[in-house]
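Following: one structure in structure tokens, then a few remarks.
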2 protein chains.
Amino acid sequence: MTTRPGPRERLLDAARELTYSQGVQVGVDAILKQADVARRSLYQHFGGKDGLVAEVLRSDDNLDRYRRVMDEAGDDPRERVLAVFDELDAITSQSSFRGCRYTAAELTLTDPGHPAHAEVRAFKEGLHRLMAAELTRHGHPAADAGADQLLVLIDGVLAHAVTRPGARPALAARALAEAVLAARA
Amino acid sequence: MTTRPGPRERLLDAARELTYSQGVQVGVDAILKQADVARRSLYQHFGGKDGLVAEVLRSDDNLDRYRRVMDEAGDDPRERVLAVFDELDAITSQSSFRGCRYTAAELTLTDPGHPAHAEVRAFKEGLHRLMAAELTRHGHPAADAGADQLLVLIDGVLAHAVTRPGARPALAARALAEAVLAARA
DNA sequence: GGCGGCGTATACCGATCGTTCTATCTACCT
DNA sequence: AGGTAGATAGAACGATCGGTATACGCCGCC
């Protein structure tokens with residue numbers, strides 16, 4: 001039998017799942033119960049709920065997931081970018097889809113001093129770099145502005161899918177992504 | 001001197017302001033204090049906090065605001081649609097901008113039974129009709145799908161502007177809105 | 001002129017929030 | 001073997017949550 005992960009990992013897993021399905025405002029008790037971890041361990045490892053929430057965002061493999069999707073799509077930058085929107089269509093069609101974890105955290109945590117905000121920014125920054133690199137390889141004349149457009153599309157899909165269930169916004173966005181890719185020097 | 005609005009109006013005004021700046025999770029006490037209203041009046045008029053929050057969303061003049069912006073842009077459907085994104089650029093550039101009220105409510109209130117969800121859907125539905133009508137007047141071959149694209153752009157701008165302050169996503173989206181408008185039969 | 005409806009003010013309810021504390025137990029290190 | 005660090009269990013903290021109850025004042029209406 002495999003050894004059970006330590007309390008730190010169990011806390012992160014439980015928090016990742018519960019803060020997504022129930023929102024970041026989920027109670028500490030619920031996280032502790034699902035992680036089957038002593039109360040003290042949370043404050044030992046993360047200093048408090050805020051630290052745990054921030055670490056959940058920081059340690060998320062969301063960026064890797066984007067990378068993986070693009071790598072599976074082959075070498076052509078155009079196909080790689082469009083594959084992202086195909087994946088978004090699949091994700092937003094799942095019944096368990098509850099929106100973008102980062103956008104939700106940003107909108108819910110109104111305290112500007114919350115450590116989660118820095119992680120949200122870091123993630124979006126990383127995603128922007130990822131897309132800009134792809135556009136550069138594609139020969140886009142303004143990769144930075146193009147990446148801005150792709151990010152607006154991605155955030156738009158993730159936000160819109162929550163409010164209009166049947167709309168398939170990723171398909172709409174995919175067509176616009178093609179317009180982004182059509183820009184040539 | 002003008003007569004002071006009744007408790008119902010004062011509650012709505014206070015709730016509208018505080019649920020935006022502090023999020024829907026703002027306490028009832030804070031709303032009561034700002035509205036300068038007795039506790040009982042809230043439950044008398046709205047049945048509870050959930051009812052008040054839902055009524056804030058329902059009574060919002062956000063859709064009228066979109067209409068007004070387009071009307072001020074003249075008669076050409078193309079100019080009217082693009083004016084929306086100019087307005088979005090202005091809105092998201094304000095320091096008081098805290099994101100889209102509806103998206104935030106949808107993401108924060110994870111209880112699917114909350115009455116606010118119906119109001120969010122109604123608003124997005126109305127906005128979709130508004131944009132589809134404009135595209136139809138413009139001669140767009142698939143006004144419905146085009147409106148989906150515009151809504152993704154709008155939601156994307158409002159969501160992205162919160163997480164990347166200096167990005168001016170409305171400008172990026174405006175260029176893509178031109179691509180939507182370029183579709184011809 | 002009394003009476004009901006509305007608004008105010010405040011006390012209070014149980015529940016839950018995030019956090020701290022005490023105490024006990026276990027595993028590993030030398 | 002002894003000791004230390006980390007984990008567990010659980011009580012308890014003060015604060016705040018949404019909601020209810022009680023008591024009082026004001027005003028119009030029959």
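Only heavy atoms go into these numbers, but all of them, side chains included; no hydrogens, no water, no symmetry mates. Fair warning: this is a prediction, and the values are worked out from it, not measured in the lab. Naming: A, B, ... by sequence-line order, numbering from 1 per chain.
When the nucleotides D:dA23, C:dT22, C:dC17 are ranked by their closest atom to the side chain of A:Arg40, C:dT22 comes out on top. Among the nucleotides D:dG19, D:dT8, C:dT19, the one closest to any side-chain atom of B:Arg39 is D:dG19. When the nucleotides D:dG19, C:dG18, D:dT8 are ranked by their closest atom to the side chain of A:Ala38, D:dT8 comes out on top. Out of C:dT19, C:dG7, D:dT8, the shortest distance to the side chain of B:Pro7 is found at C:dG7.
Counting to the nearest Å, the C1' atom of C:dG4 and the CD atom of B:Gln44 are 13 Å from each other. Counting to the nearest Å, the P atom of D:dC17 and the CG atom of A:Asp29 are 18 Å from each other. For the pair B:Leu52 CG and D:dG19 C1', the interatomic distance rounds to 14 Å; values are reported in whole Å. Protein atom OH of A:Tyr43 is 16 Å distant from nucleotide atom P of D:dA9, rounded to whole Å. Distance A:His114 NE2 to C:dG18 C1': 12 Å, rounded to the nearest Å. Here D:dT8 presents its P atom at 8 Å from CG of A:Leu11, a figure rounded to the nearest Å. Protein atom CD of A:Glu9 is 16 Å distant from nucleotide atom P of D:dG6, rounded to whole Å. We find that CG of A:Asp50 is positioned 6 Å from P of C:dT19, with the value rounded to whole Å.
The residue among B:Arg8 and A:Leu42 whose nearest nucleotide of DNA chain C lies closer to the 5′ end is B:Arg8.
Among the protein residues, B:Gly6 comes within range of no part of the nucleic acid, since none of its heavy atoms lies under 4.0 Å from any strand.
Judged by distance alone, the side chains of A:Thr19 and A:Arg101 do bring a donor and an acceptor atom under 3.5 Å apart.
Taking only side-chain nitrogens and oxygens, A:His45 comes nearer than 4.0 Å to OP1 or OP2 of D:dA7. In this model, the phosphate group of D:dT8 is approached by a side-chain N or O of A:Arg10 to a distance below 4.0 Å at OP1 or OP2. An OP1 or OP2 oxygen of D:dT8 is reached within less than 4.0 angstrom by a side-chain nitrogen or oxygen of A:Ser41.
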### Message
For a salt bridge (Lys or Arg N to Asp or Glu O under 4.0 Å) check, start with the C-alpha distance between A:Glu119 and A:Arg58, then their side-chain angles and the critical distance, and finish with the verdict.
### Response
CA-CA 6 Å; A:Glu119 306 302 333; A:Arg58 201 195 61 79; 5.0 Å; no
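Ring geometry for B:Phe123 versus B:Tyr102: interplanar angle under 30°, hence parallel rather than tilted (30 to 60°).
Counting heavy atoms from C-beta outward, A:Val69 and A:Asp86 have side chains that stay 4.5 Å or more apart.
In terms of heavy-atom proximity, A:Arg16 sits nearest to A:Asp60 at CD-OD1, 3.4 Å.
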